[in-house]
Amino acid sequence: MNVRGPVVDAGEVRSVNTSYGQSDLFEVTVRPERGAMEPTRVTLWGKWAELADWIDEGMELLVTDAEADEYRGEVQLSTTGDSFVVVEPDFLVDVTDVRSWVQCPRMYYLNKLGGIPLNYPVVKGTLVHEVFGDLLRGRDIEESIEDRVEERAVDLGLLGRDPTEVADEVRKNAAAIEGWLNQGLLTEEDEWRSEQTLVSETFGIKGRADAVRRGIPVELKTGKNTRSEPRFQDKVQAACYALVLGEREAEYPDTGTLIYTKNTTLERIEESGDLSPAKDFSVSGGFLKYVVRQRNQIAATEFRGDVPTGYEADAKCEYCFEQDTCMVVSGRLGQESKAGTVGTPVPDEERAYFDTYYTAVEAERRAVHREYRKLWEQTAEERADDDRALIGLEPTGREEISAGRWRLTARKQPEAVSKIREGNLVLASEGHPTRERAELGRVERLDGEEIVVTTDEPLALRRVDVYPSELTVDRLLTALHDAILKGSPERKDLLFGRRAPEFAGSHETYIGNNEAQNEAVNLALNAEDVALVHGPPGTGKTYTLATILREFVERGDRVLLSAFTNRAVDNAMEALIDQGFDDVVRVGSESGVRDDMHEYLFEKRGDPVERANELREAPVVAATTASCGSRMLREQEFDVAVVDEAGQLTEPGTFLATNLAERFVLVGDHEQLPPVVQADESELHGSLFQRLIERYPDASVLLDRQYRMAQRIQWFSSQEFYDGKLRPATPEVAGRSLADLRGVDPSALPAHLRDRVTYLDPDGRQVGNTNPTEAEAVAETVQSFLDAGVAPDDVGVIAPFRAQVSEISRRLPEVAVDTVDRFQGSAKEVVVLSVTTTGDVESPIFEDHRRMNVALTRAKRALVVVGDEAALSSEPFYERLLRWARG
DNA sequence: GCTCTGCGCAGAGGA
């Protein structure tokens, strides 16, 4: 039987004599999660007893194949020879992390913290792996090499490598594999699967195997291995995959294969007479358990929030490549380290800051892990409700689009809604993402009836799940590392409030008709380190930002333009282009970047020198903050970073962009929506923008004149969020009404909708996160505006909940209906807000009043608030809102 | 018990 639950009590290790000889035992008490079982004592025998050093009360424990017996009248459990003990099974450890932990626990930590920079051996290794995958999928070797090298042009260009020489080197490595593969294929029936994504629900391990051959994991290594035996950490890596494969097939492979391409030089062949680059090794049950114990050490360390010292294992620091980094990091952070320390520690407050944010980012990582858990924990029905997956798909086709690239098509239920969008990374499966055949893929197309996914290998497409990614979390950590450990003292003095921002230079007129905007441009241009531009709704912050960018370029600065979302980056670029400047390189993915900006999209494929130069010499590079954390952009330097919608960025998120530049300008509005953060009790909720603007008001400018809303519409927001400072830019703006719109006849509207701000209580009732009666009233209201001549394109409907959005959307197919969060950044002539809730405003979504600020400031000429009076009267803020809306 | 965008997927290697 299996038992799983939190540890409520942990004892001491004892050594006892058994019929099999001397053995250690360690007793823990676990409160089982499922069933009505009382807390149960579980005895962990033999090597599992080492967990005594790692287990704390509160940690979750899973013991498989435990045996029940009665001892002194009490039923208790013991591990058996088949048992595995897994600490915090929900914490998904990467296979590569187990690998580095085995080398040295501190290397695991350092890799996580600093990331791995762009270097040639790694790029070459990646290339050989890609060619290997292509070979397995039947592609011609020369074609593959040529294509893959061309694909990596930027990396090779930035590293100053000649593509012909690189191709030669890759060819040497790949030829050895090809010869061996052909030999194998002639003699036996081989079944190969390349690039297998594996996730284990039992062992809390995830990773991607290079290949699986007849159920045996195959790991390719391009590095040198001069000894005849496989490297230990390579075996560990392959054994991890064996563990996950075994879980799925209910039988563990007893072998692993490692392929060392460098071993097949002519000299070696002559020396050993051995043609094969492949080495098989046996994977015993004992080895699998060793791997799980290592994985447990990582999970326990993360649970405790400990930092590995290196003493946990017996690696020798003098041979370690990371020794210098290790010593510097421990020196800067005052950490204990086996390698010793060098340098002076950062001040206490920086250390405290680092610790706080490190913990907060790790909490986000655990939130991502919870998403993974949902992959297998939920039933199909729950999954359908959760809308993270599309289930019950009917496979309709598969075609090979290029060697080893497949396009899978399936029919979906027209009413099935999900958060899956085109361009998303997904797990495509034949029914269950971890128990049945599954492939990582990308959504190519998605409409009402059909979904198209591209994958490396074909399968019958029956289900598509969102694939959670730790990528951004990893990048936040490196941004934190770069900012605090590698940041200049001047920059840090500023971040920690020890020095006020400085400004120097003359005051010029850049924008003649708006004093605040002109002030903002001056402030940005004169900033020696930072300038902050506070732009409430409709105040022309994007225009101002574009002017700032243009003036920076004019005087010879190289500029990074960044924001959290692709949409914001594209908008800012558009404004820049509107001002007549288009010498911009847009870094990003095809699916993320808006179609009309594709002509500026940076092409990574081609000639290395050309590609690298285009990037290095671009006066303006535009990318999301997540992209700024990519290896390619981390290599770039800028004079100044201009970050839009900075109020939506966490502090480490902001660093992703600002780390790359000498100076920075943050543009945003902290009175609109804050960063999206998964962990509730997190430091990440506040933005750097807000903290700096509060600390250094003199380094900021408030854009106080808005060009969007009629006076009546903007009043509430101005009073509640901007101390009444926000005002219409011109009398024309102040007096805006529907009558100004061509073809609109306001007198055709029902009387209760004729004012610029109106209120309506449809007497509905909240059902889940919807309110059907209210949705109906919203639809009727919108219809009234359409009947009065308002174009569908000029109307927007906003609701807090996604469920209510789809409820309304069904009734109004031709009108833009979206959540408040997704509406941020855009505006409409007419906006109808569906408050949805009834009785009270207790849901956490109503707690942050800034969400309402966004919702109420999208309308230019007419705003209708639709909601339950009782709910709106139940809290002072909403009561003021109601009073204003009623007029 | 709510909102949700990113990402060149994860891993590639060096004595």
Side-chain angles (χ1 to χ4, degrees), chain A residues 94-97 99-100 103 111 116 118-130 132 151-152 154-155 195 197-198 206-210 219-226 231 233-234 237 262 316 318-323 388 419 421 423-427 439-442 455-456 466-476 563-569 587-592 604 623-632 645 648-649 653 656 673-678 680 768-769 799-803 805 819-822 824 836-837 842-848 851 854:
Chain A
D94 268 347
V95 170
T96 47
D97 284 338
R99 176 195 165 89
S100 58
Q103 287 181 76
N111 281 347
I116 297 171
L118 187 66
N119 64 13
Y120 180 60
V122 172
V123 174
K124 191 190 71 191
T126 310
L127 277 166
V128 176
H129 273 79
E130 285 169 348
F132 174 61
E151 232 173 41
R152 300 252 152 211
V154 210
D155 287 352
E195 301 280 323
T197 302
L198 299 166
K206 67 177 156 68
R208 206 158 174 196
D210 288 339
E219 195 48 38
L220 176 68
K221 295 291 158 197
T222 46
K224 255 180 261 173
N225 181 20
T226 44
R231 250 195 233 101
Q233 63 264 32
D234 299 341
Q237 193 174 354
K262 278 273 182 66
K316 289 193 172 57
E318 55 268 38
Y319 300 140
C320 179
F321 296 108
E322 306 290 354
Q323 191 180 3
R388 280 177 186 82
K419 62 189 294 183
R421 302 219 168 81
N424 279 178
L425 189 70
V426 292
L427 211 46
E439 284 284 330
L440 210 51
R442 204 167 277 284
T455 55
D456 286 344
V466 173
Y467 186 76
S469 168
E470 290 180 56
L471 193 87
T472 29
V473 170
D474 289 339
R475 289 187 177 173
L476 289 181
F564 180 56
T565 61
N566 274 308
R567 194 165 62 161
V569 175
V587 173
S589 62
E590 221 165 279
S591 58
K604 291 164 193 149
T624 57
T625 48
S627 281
C628 289
S630 71
R631 215 164 295 169
M632 181 179 80
E645 303 206 343
Q648 274 187 73
L649 283 163
L656 281 166
L673 286 165
V676 172
V677 173
Q678 317 256 359
D680 284 348
N769 285 327
F801 306 111
R802 247 199 339 232
V805 165
T819 57
V820 186
D821 300 54
R822 283 171 57 88
Q824 178 154 332
T836 314
T837 183
E842 287 300 297
S843 168
I845 200 161
F846 296 105
E847 254 166 44
D848 196 333
R851 186 166 272 110
V854 173

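Each chain gets a letter, A, B and so on, in the order the sequences are listed, and its residues count up from 1.
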Practice task
For dG13(B), take OP1 and OP2 only and decide whether either is under 4.0 Å from a side-chain N or O of Asn119(A).
Solution key: no

Practice task
Would you mind reporting whether Val466(A) and Val426(A) have side-chain heavy atoms less than 4.5 Å apart?
Solution key: no

Exercise for the section: Using a 4.0 Å heavy-atom cut-off across all strands, classify Gly588(A) as base, sugar-phosphate, or nothing. Expected result: nothing

Completion exercise
Applying salt bridge (Lys or Arg N to Asp or Glu O under 4.0 Å) to Lys221(A) and not counting sequence neighbours gives Glu219(A)

Practice task
Among Thr624(A), Leu649(A), Thr625(A), Thr472(A), find the residue that satisfies the side chain to side chain contact (heavy atoms under 4.5 Å, CB included) test when tested with Leu656(A).
Solution key: Thr625(A)

Completion exercise
Taken to the nearest whole Å, CD/Glu318(A) to C1'/dA15(B) is 12 Å

Handout entry: Side-chain donor/acceptor of Arg802(A) to backbone N/O of Thr819(A), under 3.5 Å
Key = no

Exercise for the section: May I ask you to say what Lys604(A) touches in the nucleic acid, namely base, sugar-phosphate or nothing, with a heavy-atom cut-off under 4.0 Å? Expected result: base

Problem - Length of the CD-P vector between Glu439(A) and dA10(B), whole Å - result: 14 Å

Practice task
Using a cut-off of strictly less than 4.0 Å, decide whether Thr624(A) has a side-chain nitrogen or oxygen near OP1 or OP2 of dC7(B).
Solution key: yes

Exercise for the section: Round to a whole Å and report the spacing from CZ of Arg802(A) to P of dT3(B). Expected result: 6 Å

Practice task
Find out whether Ser843(A) and Thr837(A) are in side-chain contact, i.e. whether some heavy atom of one side chain is under 4.5 Å from a heavy atom of the other.
Solution key: no

Exercise for the section: Describe the nucleic acid contact of Asp848(A) in one word from base, sugar-phosphate, nothing, applying a heavy-atom distance below 4.0 Å. Expected result: nothing

Practice task
Quick one: label Phe801(A) by what it contacts on the DNA or RNA (base, sugar-phosphate, nothing), any heavy atom closer than 4.0 Å.
Solution key: sugar-phosphate

Practice task
Between dT5(B), dG13(B), dC9(B), spot the one nearest the side chain of His129(A), thanks.
Solution key: dG13(B)

Problem - N/O (side chain, Lys221(A)) to phosphate O (OP1/OP2, dG11(B)) under 4.0 Å - result: no

Exercise for the section: Using whole Å, report how far CZ of Arg421(A) lies from C1' of dC7(B). Expected result: 15 Å

Problem - Partners meeting salt bridge (Lys or Arg N to Asp or Glu O under 4.0 Å) with Glu470(A) (sequence neighbours left out) - result: Lys206(A), Arg365(A)

Handout entry: Phosphate contact (dT5(B) OP1 or OP2) by Asn566(A) side-chain N/O below 4.0 Å
Key = no

Handout entry: dG11(B) and dC7(B), which share atom name C1', separated by this distance in whole Å
Key = 15 Å

Exercise for the section: Would you tell me if any nitrogen or oxygen in the side chain of Arg822(A) comes within less than 4.0 Å of OP1 or OP2 on dT3(B)? Expected result: no

Exercise for the section: Select base, sugar-phosphate, or nothing to describe what Thr96(A) touches, counting heavy atoms under 4.0 Å on all strands. Expected result: sugar-phosphate

Practice task
State which of dC4(B), dG14(B), dC7(B) makes the closest approach to the side chain of Arg231(A).
Solution key: dG14(B)

Practice task
Look at all strands and tell whether Tyr467(A) reaches a base, only sugar-phosphate, or nothing, counting heavy atoms closer than 4.0 Å.
Solution key: sugar-phosphate

Exercise for the section: For Gln237(A), report the nucleic acid contact type (base, sugar-phosphate, nothing); a contact means any heavy atom under 4.0 Å. Expected result: sugar-phosphate

Exercise for the section: Determine whether Arg851(A) and Leu673(A) make a side-chain contact, defined as any pair of heavy atoms from C-beta on separated by less than 4.5 Å. Expected result: yes

Practice task
Round to a whole Å and report the spacing from CZ of Arg442(A) to P of dG8(B).
Solution key: 8 Å

Exercise for the section: Find out whether Gln824(A) and Thr565(A) are in side-chain contact, i.e. whether some heavy atom of one side chain is under 4.5 Å from a heavy atom of the other. Expected result: no

Exercise for the section: Would you indicate what Arg152(A) reaches in the nucleic acid, counting non-hydrogen atoms under 4.0 angstrom: base, sugar-phosphate, or nothing? Expected result: base

Completion exercise
Among the nucleotides dG6(B), dC4(B), dC7(B), whichever has the atom closest to the side chain of Thr565(A) is dG6(B)

Problem - Donor-acceptor pair present, Arg631(A) side chain and dA12(B) base, under 3.5 Å - result: yes

Exercise for the section: Determine whether any donor atom in the side chain of Arg851(A) lies under 3.5 Å from an acceptor atom in the base of dT3(B), or the reverse, and answer yes or no. Expected result: yes

Exercise for the section: Look at the side-chain N and O atoms of Ser630(A) and state whether any lies under 4.0 Å from the OP1 or OP2 oxygen of dG8(B). Expected result: no

Exercise for the section: Please answer whether the main-chain N or O of Phe801(A) pairs with a side-chain N or O of Asn769(A) as donor and acceptor at a distance below 3.5 Å. Expected result: no

Exercise for the section: Select base, sugar-phosphate, or nothing to describe what Ile116(A) touches, counting heavy atoms under 4.0 Å on all strands. Expected result: base

Practice task
Could you state the atom-to-atom distance from CD of Gln233(A) to C1' of dG14(B) in whole Å?
Solution key: 11 Å

Practice task
Kindly check if the number of other-residue, nucleotide or ligand heavy atoms within 6.0 Å of CD (Glu590(A)) is above 12?
Solution key: no

Practice task
Take atom CD of Gln648(A) and atom P of dG6(B), then tell me their distance rounded to the nearest Å.
Solution key: 10 Å

Exercise for the section: Please work out if Ser469(A) contacts a base, only the sugar-phosphate, or nothing of the nucleic acid, heavy-atom cut-off 4.0 Å. Expected result: base

Exercise for the section: Please tell me which of the listed nucleotides, dG11(B), dC7(B), dT3(B), lies nearest to the side chain of Thr126(A)? Expected result: dG11(B)

Practice task
Just need the stems in DNA chain B: three or more back-to-back Watson-Crick or G-U pairs, each with both distances under 3.5 angstrom, sorted by first number.
Solution key: none

Practice task
Would you mind classifying the nucleic acid contact of Thr197(A) as base, sugar-phosphate or nothing, using non-hydrogen atoms under 4.0 angstrom?
Solution key: nothing

Practice task
Measure from the side chain of Val676(A), starting at C-beta and using heavy atoms only, and say which of dG8(B), dG13(B), dC4(B) lies closest.
Solution key: dC4(B)

Problem - Selection from dC4(B), dG11(B), dC2(B) that lies nearest to any side-chain heavy atom of Asp94(A) - result: dG11(B)

Practice task
Please report, rounded to the nearest Å, how far the P atom of dG8(B) is from the CG atom of Leu471(A).
Solution key: 7 Å

Practice task
Would you mind telling me which residue lines up with the more 5' stretch of DNA chain B, Glu322(A) or Val154(A), judged by nearest nucleotide?
Solution key: Val154(A)

Exercise for the section: Could you give the distance separating dA12(B) and dG8(B) at their C1' atoms, to the nearest angstrom? Expected result: 12 Å

